[in-house]
Amino acid sequence: MSTRKRNAAAYRPRVGELVLDTRTGRTGIYMDTLGGEHYLRPPGGGCEWTAPPDRVGPAPDPSPDDPGRGPEPDPDRPALENRARLRARLAARNQDSRLNESRVA
């Protein structure tokens, strides 16, 4: 049973906003709405799940003991540096894969 009133405006999260799925009690990052379902993903990364729009609301302020928050970012390694390193590793792996394919053919 929904607690939302019929004429009340639905909560509309912004992309990247931390929201609460009241159906499961999980917090997630709002990704998009497709086919009438909100797509959410865990803050620390992982598998997306869907939630009905009337069961999604703003997330409460996170507490330090909240296990759903995911790992804390390492201040000594900025996110962009991590992305660049990952991109380089993926490019090297793709190059190795292409070399192996050419040897087989």
Side-chain angles (χ1 to χ4, degrees):
M1 177 173 163
S2 176
T3 58
R4 195 176 120 217
K5 295 184 175 87
R6 270 191 177 262
N7 294 332
Y11 176 71
R12 296 188 184 264
R14 294 184 308 264
V15 173
E17 181 180 348
L18 191 64
V19 295
L20 175 66
D21 178 356
T22 59
R23 181 185 54 172
T24 62
R26 295 171 64 188
T27 57
I29 296 175
Y30 172 73
M31 302 305 289
D32 201 358
T33 300
L34 294 170
E37 295 281 319
H38 285 341
Y39 280 75
L40 311 175
R41 70 170 176 81
C47 216
E48 285 186 344
W49 76 94
T50 59
D54 62 338
R55 304 292 268 168
V56 172
D61 291 332
S63 70
D65 300 326
D66 184 6
R69 288 180 60 205
E72 289 294 322
D74 184 358
D76 296 329
R77 287 187 169 169
L80 292 177
E81 179 185 324
N82 291 339
R83 285 190 195 136
R85 197 173 12 219
L86 178 61
R87 242 186 259 120
R89 284 177 41 205
L90 290 174
R93 185 183 302 162
N94 288 339
Q95 183 64 32
D96 289 345
S97 158
R98 286 188 203 112
L99 290 174
N100 289 335
E101 287 175 3
S102 65
R103 289 181 192 149
V104 173

inquiry  = My understanding is that only residues two or more places apart in sequence, or in another chain, count here; which of them pass salt bridge (charged side-chain N to carboxylate O under 4.0 Å, His left out) with Arg23?
reply    = Asp21
query = Looking only at heavy atoms, which two atoms of Trp49 and Thr24 are closest? And how far apart?
reply = NE1-OG1, 4.4 Å
query = Got a sec, which residues hit side-chain hydrogen bond (donor to acceptor under 3.5 Å, both in side chains) with Glu17, two or more places apart in sequence or on another chain?
reply = Tyr11
Shortest non-hydrogen contact from Pro43 toward Leu18 = CG-CD1, 3.8 Å
Which pairs of donor and acceptor atoms, one on a side chain in residues 31-42, lie under 3.5 Å apart (sequence neighbours left out)?
from  : atom 1 : to    : atom 2 : distance (Å)
Thr33 : OG1    : Tyr30 : OH     : 2.6
Thr33 : OG1    : His38 : ND1    : 2.6

